[in-house]
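The figures here come from the full heavy-atom set of this structure, side chains too, leaving out hydrogens, waters and symmetry mates. Letters go in sequence order (proteins before strands), and every chain restarts at 1. Everything numeric in this text was worked out from a predicted model, so none of it was measured.
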Amino acid sequence: MRGEEYLTKPQQYALVYSKGSSLASNLVVMKTLPSGLAWSRYGFSVSKRVGGAVTRNRVKRLLREILRITPLKSGWDIVFIVRPAAATADYTGLKSSVDGLLSRAGLLETEGRAAFPSEVKGRVVENQRFN
RNA sequence: CAAGUAAACCGGGUGACCGCCCUGACUUCUAGUCGGGGAGGAAAGUCCGAGCUCCACCAGGCAGGAUGCUGGGUAACACCCAGGAGGGGCGACCCUACGGAUAGUGCCACAGAAACAUACCGUCCUUCCCUUUGGGAGAGAUAAGGGUGAAAUGGUGGGGUAAGAGCCCACCAGCGGUUGGGUGACCAACCGGCUGGGAAAACCCCAUCCGGAGCAAGACCAAAUAGGGGGAUAAAGGGAUGCCUGGCCCCGUCCCCGGGUUGGUCGCUUGACCCUUCCGGUAACGGAAGGGCUAGAUAGAUGGUCACCGUCCUUCCCAUUUGGGAAGGAUACAGAACUCGGCUUACAGGUUUACUUGCUCC
RNA sequence: GUGAGUGUAGCCCAGAGGCCUAAGGCGCCAGGUUGUGGCCCUGGAUAUCGAGGGUUCAAAUCCCUCCACUCACC
């Protein structure tokens, strides 16, 4: 798999965990960190508490499909941490949950800029202060 | 028809759109176009056995571990097949850690006289004493009966005896021997004497087998750092990795500290492989001929959204012999990571074959 | 991938074939004490010994197979 749009190294995950800001729903927790790159990268963290190899693979495939369709704002590293409740969720449930989180963070390409430009700016400044 | 036993197998299908990984050809210039392929019977648990790679090579001993009726199969096995013995089931059939307890050491709580060599209550005989019915003391015989226990030294019946006892007899169980059958485990017949627990999933003994580490093995390329400090050493030291010994080969060095690296390619899928037919073998399996190529990711591909059809269950309606229609629900266990052979465990539902028992009809 | 370990009451734990119907501490309940509460005293309840099977006369303990969890190494 091409590494351009994905987070692959453990160090990258550790950076987002420690310095990123988080938003949560009942299915997933989203951690975001501005990367300064021209594109956005994302990754998934599905622990064994979610289920066996089959259910964990299925959750990752669903999330990959959702993020393939969804247009993202560029310049962010995003990690989705899956909660055990997502094991029984279907595609539409996960999609609404992820879309809700992304729009709350203002990372959707179309909606985000138009709806909450000021809040997005504020969030970026806040994150940079952490760095 | 019902209940069951044993084997083998399937484990959703078709279509549309949007995607992922590998690969062939073409275009061209590093992205497209057109093809081809893309999870399992357990891929799982990681419980065994191997291949492969490295540890320089070989042999022996100790320790440790594994296996444990017999014969065969296999690359090997704790697996498989066939057979024996024991046990279970009316039966088809199923189950079995199934070597050794006179090689030794230790254990068997409580109860009981006694748990390994013992005599409590008893039974019998005899001597002495108490004047008698009877009682007491002592010497001896006995292992039938009582009682305890999970277990008490063959069982049942008869004879026999002072009372008893394999003391004797018949049958049964066990042991030993002879003969016969079988490659063997073992079986059958006959004879003999009369026989003294359990536990080796307590330590152990016997027989057979086993070197260690693991694809993050290992090889190559690129990049980067150091070319340092300390110690041990020349008839010694080191190089196998539980310990020891011997041989042989290699190194002139070896160990510690410090420093660097987590990129890429190979290994990586043609293999004890799969299918068909024939031959040998009771079978596991082996041999021959012909045909086939069947996932290779690297934060880890094999997916997502729908539509229709299957299969099963429930309810209702039509029909009342099969069946037809509608609505709702269910559609399992589970995801390759070096590769095989097994074992074990999980699994909605279904198919086929052979057989057993019972009921009914001809 | 390899190796090691743990599972016993709500929690922490003892046990090492028979005296285990399982000890102890914290917690819980009831009573006493106190004007009330705490401390204290007395009594009590709470355990399919992770699950299943086997060996044994007898298993929390020995053996086998599963399940869950933890740790170590590269």
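With a cut-off of 3.5 Å on both pairing distances, B:A284 has no Watson-Crick or G-U wobble partner at all. Pairing partner, B:A59: B:U245, with both Watson-Crick or wobble hydrogen-bond distances short of 3.5 Å. Under the Watson-Crick and G-U wobble criteria, each requiring two contacts below 3.5 Å, nucleotide C:U65 is paired to C:A51. C:C39 is unpaired under the criterion used here, namely a Watson-Crick or G-U wobble arrangement in which both key atom distances are under 3.5 Å. Nucleotide B:G12: paired with B:C309 (Watson-Crick or G-U wobble, both distances less than 3.5 Å). Base pairing of B:U322: no nucleotide in any strand meets the Watson-Crick or G-U wobble criterion (both distances under 3.5 Å). Searching all strands for a Watson-Crick or G-U wobble partner of B:A6 with both distances below 3.5 Å returns B:U353. Applying the Watson-Crick and G-U wobble criteria (two distances, each under 3.5 Å), C:C19 pairs with nothing in any strand.
The closest side-chain heavy-atom distance from A:Leu72 to A:Tyr42 is below 4.5 Å. Looking at heavy atoms from C-beta onward, A:Val46 lies out of side-chain contact with A:Phe80 at the 4.5 angstrom threshold. Annotation: side chain of A:Phe44 is not in contact with side chain of A:Val79 (no heavy-atom distance under 4.5 Å).
Taking atom P in both C:A60 and B:A185, one finds a spacing of 43 Å when rounded to whole Å. Spacing between B:C95 and B:C80 at atom P, rounded to whole Å, works out to 11 Å. Nucleotides B:C266 and B:C215 are separated by 12 Å at their C1' atoms, to the nearest Å. Annotation: C:U36 and C:A9 have their C1' atoms spaced 33 Å apart (nearest Å). Rounded to whole Å, the separation between the C1' atoms of B:G198 and B:G180 comes to 37 Å. With both ends at atom C1', the span from B:A78 to B:C210 equals 14 Å, rounded to whole Å. Straight-line distance between the C1' atoms of B:A63 and B:C244: roughly 11 Å, to the nearest whole Å. B:C255 sits 36 Å from B:A66 when the P atoms are compared, rounded to a whole Å.
Screening residues 75-85 of chain A for salt bridge (Lys or Arg N to Asp or Glu O under 4.0 Å), with sequence neighbours left out, gives A:Arg41-A:Asp77. A side-chain hydrogen bond (donor to acceptor under 3.5 Å, both in side chains) check over residues 52-63 of chain A, counting only residues at least two apart or in different chains, returns nothing. Under the salt bridge (Lys or Arg N to Asp or Glu O under 4.0 Å) criterion, the residue pairs touching residues 91-101 of chain A are A:Lys95-A:Asp99, with sequence neighbours excluded. For residues 29-40 of chain A, no pair satisfies salt bridge (Lys or Arg N to Asp or Glu O under 4.0 Å), with sequence neighbours left out.
Residues A:Asp90 and A:Phe44 both approach RNA chain B. Their nearest nucleotides, taken by heavy-atom distance, put A:Phe44 toward the 5′ side.
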Would you tabulate the nitrogen or oxygen pairs shorter than 3.5 Å linking the protein to nucleotides 302-304 of chain B?
unit_1	atom_1	unit_2	atom_2	d
B:U302	OP2	A:Arg61	NE	2.9
B:U302	OP2	A:Arg61	NH2	3.3
B:G304	OP1	A:Arg58	NH1	2.3

Under 3.5 Å between N/O atoms: give me all the protein pairs with nucleotides 72-74 of chain C, atom names plus distance.
none

Would you list the protein and nucleotides 40-47 of chain B atom pairs, both N or O, that sit under 3.5 Å from each other?
none

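Using a 90° window around 0 for the glycosidic torsion, B:U269 falls inside it and is classed as syn. Here B:G300 is in the anti range [glycosidic angle more than 90° from 0]. In textbook terms, a nucleotide whose glycosidic angle is within 90° of 0 is syn, and B:U294 is one such case. Shown here, B:A8 is classed anti by the O4'-C1'-N9-C4 or O4'-C1'-N1-C2 angle, which is more than 90° from 0.
If you measure from atom NZ of A:Lys60 to atom P of B:C20, you get 18 Å, rounded to the nearest angstrom. Atom P of nucleotide B:U305 and atom CG of A:Leu63 are separated by 12 Å, given to the nearest angstrom. Regarding A:Leu67, its CG atom lies at a distance of 16 Å from the C1' atom of B:C18, rounded to whole Å. Spacing between atom CG of A:Leu94 and atom P of B:U305 amounts to 10 Å, rounded to whole angstrom units. B:A336 atom C1' lies 15 Å from atom CZ of A:Arg56, rounded to whole Å.
Among residues two or more places apart in sequence or in another chain, the side-chain hydrogen bond (donor to acceptor under 3.5 Å, both in side chains) test is passed with A:Arg68 by A:Glu65. For A:Asn26, there are no side chain to side chain contact (heavy atoms under 4.5 Å, CB included) partners, not counting sequence neighbours. In terms of the side chain to side chain contact (heavy atoms under 4.5 Å, CB included) criterion, residue partners of A:Ser97 (sequence neighbours excluded) are, by chain and number, A:Ser25, A:Leu27, A:Val28.
Under a hydrophobic-cluster definition in which Ile, Leu, Val, Met, Phe, Trp and Tyr are linked whenever side-chain heavy atoms come within less than 4.5 Å, directly or via other members, A:Leu102 and A:Ile69 are assigned to the same cluster.
Between the side chain of A:Ser40 and the backbone N or O of A:Gly75, at least one donor-acceptor pair lies under 3.5 Å.
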Just distance, no hydrogens or angles: give the donor-acceptor pairs under 3.5 Å from side chains in residues 87-94 of chain A, sequence neighbours left out.
unit_1	atom_1	unit_2	atom_2	d
A:Thr88	OG1	A:Ala85	O	3.3
A:Asp90	OD1	A:Gly93	N	3.2
A:Asp90	OD2	A:Thr92	OG1	3.3

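Rounding to the nearest 0.5 Å gives a distance of 11.0 Å between CD1 of A:Ile81 and CE of A:Met30.
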